[in-house]
Amino acid sequence: MTTASASSDRLAIAARDLVKTYRGDVRALDGLSFSVSPGAVFGLLGPNGAGKSTTVKILTTLSRPDAGGAEVAGIDVLRHPDRVRRAIGCVAQKSAVDAEATGRENLTLQGQLYGIGGRELRSRVGELLERFGLADAANRIARTYSGGMQRKLDIAMGLIHRPQVLFLDEPTTGLDPEARADMWAEISRLSGEGLTILLTTHYLEEADRLARWLAIVDRGRIVTEGTPEQLKSELRGDAIHVELAETNGHGQVRDALDRLVDVREVVLDGSSLRARVDSGAKAVPAVLAALESGGVKVASVTVARPSLDDVYLRHTGRSFSEADEGKESSR
Ligand code: ADP
């Protein structure tokens, strides 16, 4: 899939050792590399501030790296940015839809920007309106559209010139759960049609569902990559999550658990205690007994198969939600 050994002319995206520093001190990208095979849905998953948007900006020619290079659709982004722009579609976090124009007008204008016109453009606009279920709303101004409809119009605009690679930067941020599920189905459908999609997200569930290949980004680097299943199966055993009745007393909790050899990778965050064990069913009674004898009150306990959150924790030492809020771990 995304092996570095694959010949670069067969790749839809190749990013090599990208470095980008803002204002001299914020190192947004710190040697980030990955590659994407044609037709794949590739997910860049990372908490806020990890460097995902900076990566997308470089690959879509909106920003230049300080070091490193990249090709998209086999074209060098630094040497031929105009050619790259014709080969890609971009759906940025911030909508490109003109709220005062109709859906049809938005698509038509977008097509004209790419030099498409006449009958070809009318037919392409009609096709996309149908394709995204917007035909009935085509002549209404976009301000009257729901959030989900506006996002679909954004994607339709990104596809007007039949790009080979589509960049979706946080495609479901701000959507309600129903619109998000609808968008997931749409993205899966696009991928089924052979389009290469690079998707950035800070939603673990979204990455798990959509990405055929996933790279986890942390502090400007890829910390691990693989299929979501591969990444989870590398983690041995189960994850246990104990909700403590109180948020303080972390020292007491650690003392109580220190005696249990089977309990690994303990992370405490407020009232939440997470750890990895070989067998959840065996470990839970021992953990509860140890906490009780240490004077720690427990509100609830759950056991789960490894999730992408656990994968992230394993590779970065922080839980995803902690990193997403920019907090430091209490380890
Ligand atoms: P993500 O998309 O994963 O949330 P970004 O690529 O937006 O991450 O940001 C990576 C880091 O670079 C963050 O620390 C962010 O604050 C910083 N950053 C991004 N854009 C700028 C900018 N234009 N000026 C200064 N710092 C920036």
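Any value given below was found using the heavy atoms of this structure, including those in side chains, with hydrogens, waters and symmetry copies removed. First listed ligand is number 1; within each ligand, the first listed atom is number 1. As the structure is a computational prediction, the values presented were derived from the model and not from experiment.
Protein heavy atoms all stay at least 4.0 Å away from atom 16 (O) of ligand 1. Shown here, atom 13 (C) of ligand 1 is in close reach of the protein: a heavy atom of it lies under 4.0 Å off.
Residues Arg131 and Glu186 are paired through a salt bridge, judged by an N-O separation under 4.0 Å between the basic side chain and the carboxylate.
Note on ligand 1: Gly220 sits outside its first shell, no heavy atom being nearer than 4.0 Å.
Those atoms of ligand 1 that come under 4.0 Å of a heavy atom in Thr54, given as number and element, are 5 (P), 6 (O), 9 (O). Every atom of ligand 1 is numbered from 1 in the order shown, and the set under 4.0 Å from a heavy atom of Ala50 is 1 (P), 3 (O), 8 (O). Near Asn48, meaning under 4.0 Å from one of its heavy atoms, ligand 1 places the atoms 4 (O). Close approach of ligand 1 to Pro47 (heavy-atom distance below 4.0 Å) involves ligand atoms 3 (O).
Although no hydrogens or angles enter the test, the distance criterion places a donor-acceptor pair under 3.5 Å between the side chain of Asp76 and the main chain of Arg79. Panel note: side chain Asn106, backbone Asp98; a donor-acceptor pair is recorded below 3.5 Å. Under the 3.5 Å distance criterion, the side-chain polar atoms of Arg209 are left unmatched by any main-chain donor or acceptor of Leu204.
Of the protein's non-hydrogen atoms, the one nearest atom 19 (C) of ligand 1 is Tyr22 CE1, 3.3 Å. In terms of protein heavy atoms, atom 4 (O) of ligand 1 is closest to Gly49 N, 2.7 Å.
By the neighbour-count criterion of 12 heavy atoms within 6.0 Å, atom CD of Glu292 is sparsely surrounded, having that number or fewer from other residues, nucleotides or ligands. Other residues, nucleotides and ligands contribute more than 12 heavy atoms inside 6.0 Å of the CZ atom of Arg264. Annotation: Glu178, atom CD; neighbour count of heavy atoms from other residues, nucleotides and ligands within 6.0 Å does not exceed 12.
Polar contact check, Gln93 against ligand 1: no nitrogen or oxygen pair lies under 3.5 Å apart. Note: no N/O pair closer than 3.5 Å links Val26 and ligand 1 by distance alone. At least one N/O-N/O distance between Ser53 and ligand 1 falls below 3.5 Å. For ligand 1, one of its N or O atoms has an N or O atom of Gly51 under 3.5 Å away.
Geometrically, Arg180 engages Tyr203 in a cation-pi contact defined by less than 6.0 Å to the ring centre and at most 45° from the axis.
At a cut-off of 3.5 Å, with distance as the only test, no side-chain donor of Ser33 or Arg16 sits close to an acceptor on the other residue.
The residue His202 has no part lying near ligand 1, judged by heavy-atom distances below 4.0 Å.
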